[in-house]
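Small disclaimer: the values here were computed from a predicted structure and weren't measured. Each ligand, and each atom within it, is numbered from 1 in the order the structure gives. Nothing fancy with the numbering, it's 1 onward along the sequence. Side-chain atoms are counted along with the backbone in the values below, which use heavy atoms only and exclude waters and symmetry mates.
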Amino acid sequence: METQKRFETALLPANDAGIEKAVSLLRQGELVGIPTETVYGLAANAWNPEAAKKIYAAKGRPSDNPLIVHIADLEMLKSLARVRPQLAYTLADAFWPGPLTMIFPKAKEVPDATTGGLDTIAVRMPSHPVAARLIRESGLPLAAPSANLSGLPSPTKAEHVFQDMNGRIPLILDGGECSVGVESTVIAVHEDGVRLLRPGGITVEMLSKYCAVTVDDGVLHQLKNGEKALSPGMKYKHYSPKANVIILDGSPDACAEYVRLHKGPGVWAMAFEGEEKLLDVPSMPFGKRGDGLSQAKVLFDRLRECDEKGAKTVYVPMPEKDGVGLAVYNRLLRAAGFDVVVL
Ligand code: AMP
Ligand code: MG
């Protein structure tokens, strides 16, 4: 294992001076923690293999887990990928800038380090003004996975990035809390429709207005031994606090009863708004029942909070599986190691 270079990590507001500093570091092949509308990213020049390798080292990320490359315009897209079919442009027009990542055959100039050795590349045009400005002002496509240590919950606040990356990178830009709160939707685009590899802020329902959508098996099911993950990140243990996370699938009353029977030292719960009063263990607010958007926004913060509270077991109510709820459920399943109790 390569020893990590130690940095004095600066945490700066994402103002003109902060952005200028970030652009200069990115041009030198260094890493910067940046805000995006999904989660904070750990950004590097996508053209520079040494810079891309630093991302894997800083995160402790397996080298076969590819990075998403962030762009500011379609010219940049064409330099990185062979864009086909036409449906990709229709979806770009509908959803970019925004939390949608599309996979294309990569241009040969893109370093293997950036794509985890794959001959495809995942590309997204972020809508966050700071991310967009960094790409434009540096003139660089930015490879940026989530800015957490591999395996831990993704960061939705600059302070989360600092917790994980302090000493590992020179700079984090603070652009406030991420508006979506879960990583982008990842799709493979085919002639006749798209395959959803990772659910996110752009939902199946939104994509279905434009084309047929197939949800990949890996989204809601654990891969069996030997099965190949089309979205490599989905095969790893992910988003996990130290606490044992258990999903409860039942009515508010049934969940409360189950928790009551299993209460004890270190037992916590997450509760949808108004349902905390049913519980006789301490709880953390988890958005509104049936409202995936509100759950997505707080999910990773709550998973990090589990460790801050020293929780040993955390019971979490099952999110709805439509809209952004599908993304919340997909992340929660991995945080829980697929441990679901049906009541
Ligand atoms: P992160 O930004 O940390 O959530 O990681 C990016 C994720 O995007 C990876 O873990 C993969 O699941 C997915 N991804 C990136 N590039 C590709 C690709 N070429 N093919 C399939 N999935 C990809
Ligand atoms: Mg990630």
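A salt bridge links D280 with R260: the closest approach of a Lys/Arg side-chain nitrogen to an acidic carboxylate oxygen falls below 4.0 angstrom. Salt-bridge annotation for R124 and E37: present, with a side-chain N of the basic residue lying under 4.0 Å from a carboxylate O of the acidic one.
Which of T101, I68, D119 comes nearest to atom 8 (O) of ligand 1 through a heavy atom is settled by distance: it is I68.
The T120 neighbourhood of ligand 1 comprises atoms 18 (C), 19 (N), 20 (N), with distances under 4.0 Å to a heavy atom of that residue.
A side-chain N or O of S154 and one of E183 form a donor-acceptor pair less than 3.5 Å apart.
For the pair K288 and F272, the cation-pi test (distance below 6.0 Å, angle within 45°) is failed.
Listed by chain and number, the protein atoms of type N/O/S under 2.8 Å from the Mg ion (ligand 2) are S146 OG; waters are omitted.
For ligand 1, the polar-atom distance check against S146 finds a nitrogen or oxygen pair separated by under 3.5 Å.
A side chain to side chain contact (heavy atoms under 4.5 Å, CB included) with I187 is found for exactly one of L207, I103, V213, L197, namely L207.
Within the hydrophobic cluster formed by Ile, Leu, Val, Met, Phe, Trp and Tyr side chains joined at under 4.5 Å, directly or through other members, L293 is accompanied by V324.
Residue contacts with ligand 1, taken as heavy atom pairs separated by less than 4.0 Å, involve R61 solely via side-chain atoms from C-beta onward.
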Under the side-chain hydrogen bond (donor to acceptor under 3.5 Å, both in side chains) criterion, do S24 and Q28 qualify, and how do the steps go?
CA-CA 6 Å; S24 146; Q28 291 164 44; 3.0 Å; yes

